[in-house]
Amino acid sequence: MKSLYFKVGILGSGQLGRMFTQSACNIGIEVSVYSPEKDSPAAKSGAKEYTGEYTNFELLEKFLENQNALSFEFENIPSSTLDFLINYQTKQNIKIYPNPRCVQIAQNRKLEKNFFKEIGLLVTNFFVIESLEDLQKLPKDWKFPSILKTNLFGYDGKGQWKVNSVLDIETILHEQKSFDHILEEIVPFEKEISVIGVRFSNGQIFCYPPAENIHTNHILDISIYPANISESLKQKAIRYTTKLLESLNYVGVLGLEMFVVEDELYCNEFAPRPHNSGHFTMNACRYSQFDMQAFTLLGVVPSFDFSFQPTVMKNIIGESFFQNKQILTNYLYNPNYHIYLYQKAEARKGRKMGHINYLGSFENSKFPIGTDWKV
Ligand code: AMP
């Protein structure tokens with residue numbers, strides 16, 4: 001029987017797929033997720049689960065046949081799968097948002113940084129390394145220490161090393177047995193900020209004002225909304241995000257991360273999906289970033305509501321939060337805290353297990369900085 005409801009598939013089935021499922025289910029969208037994982041966070045919140053490798057194109061095709069639209073919850077999908085999707089969308093009647101080409105740019109630091117530069121956005125000085133010989137071409141005045149990053153699939157500080165010399169770089173490249181890297185000058189930033197931007201298929205754009213991000217061990221720890229920066233920097237951050245959305249001809253939600261240096265913004269990277277620093281939207285305003293993702297797929301442009309409440313988001317990382325039940329109970333007592341646990345089976349070190357939104361200021365939130373929680 002033909003379904004009454006719109007069907008959306010998501011590649012990936014972690015916490016972002018889960019929060020999308022929760023938003024989408026509320027408005028009757030049927031969500032299915034596809035990933036190698038079983039009993040995933042998204043499936044536990046009601047998504048139908050397809051378990052398979054991203055390169056199992058037969059199974060992927062079966063999954064796609066049942067969807068009206070497809071979106072992503074992460075960018076580290078094999079390039080051959082993205083090529084398959086590009087080909088598939090030309091033949092079949094399915095909306096794939098964002099366009100897989102945007103995902104290919106976002107997962108590849110070289111393409112991403114060159115794209116930022118081409119459209120006139122500032123990026124930190126970088127040097128492309130594709131072979132050991134390239135190192136001989138490194139400018140003599142290159143500033144060390146700097147950061148060496150893998151070109152593909154880096155996230156949360158993984159595939160990243162602080163290096164003090166060419167010798168350091170050579171040692172790491174040999175250890176990695178790969179030469180596909182970029183070297184970046186360290187930006188002496190005052191703050192890190194991000195903007196969540198949304199573009200609909202009719203070209204309309206909506207940007208949430210910037211949030212300010214505090215990282216611990218290279219992983220997002222706390223996000224404070226709104227960012228404590230000047231009005232002109234806020235406008236610049238929104239202009240940059242708008243420029244990126246338009247230049248990519250993007251449809252969907254993205255998160256653009258930037259470094260603040262005096263009155264300049266350096267673009268670090270963008271995520272072609274809802275972003276961890278955008279979780280404040282779940283309580284700060286009428287439509288969350290996940291609601292927006294659903295709207296872009298449905299082709300519905302909501303009326304934008306610009307009233308936001310100051311909100312602080314704190315990630316729950318690793319196992320400390322779970323060591324004493326009283327920690328959770330204390331947060332549940334206070335209605336200004338909104339708790340989201342992702343139902344991941346195991347709390348490994350550095351793993352994002354949940355987050356808490358606090359409606360109010362950072363000082364009043366009393367959130368600890370770092371991964372240790374106390375009663
Ligand atoms: P990334 O994986 O590029 O998002 O980097 C993770 C974090 O490392 C960023 O959020 C920054 O805190 C830090 N970082 C990355 N690149 C730079 C850079 N060029 N200069 C200073 N800090 C950086």
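Counting starts at 1 for both ligands and their atoms, in listed order. Computed from a predicted structure; not experimentally measured.
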> Do Y34 and N56 have a side chain donor and acceptor closer than 3.5 Å?
Replying inline: no
> Can you find a side-chain donor-acceptor pair between Q326 and N324 that sits under 3.5 Å?
Replying inline: no
> Taking NZ, NE, NH1 and NH2 as the nitrogens, is one of them in E30 or K48 under 4.0 Å from a carboxylate oxygen of the other?
Replying inline: no
> Strictly by modelled atom types, are Q293 and Q289 linked by a side-chain donor-acceptor pair under 3.5 Å?
Replying inline: no
> Quick one: ring-ring contact (aromatic ring centres under 6.0 Å, His included) pairs with a partner in residues 245-269, sequence neighbours left out?
Replying inline: F189-F259
> Quick one: do the H275 and E257 side chains pair a donor with an acceptor below 3.5 Å?
Replying inline: yes
>> Tell me which residues fall inside the under-4.0 Å heavy-atom shell around ligand 1.
In response: R109, I147, K149, Q160, E184, E185, I186, V187, F189, E192, H215, H218, E257, F259, N268, E269
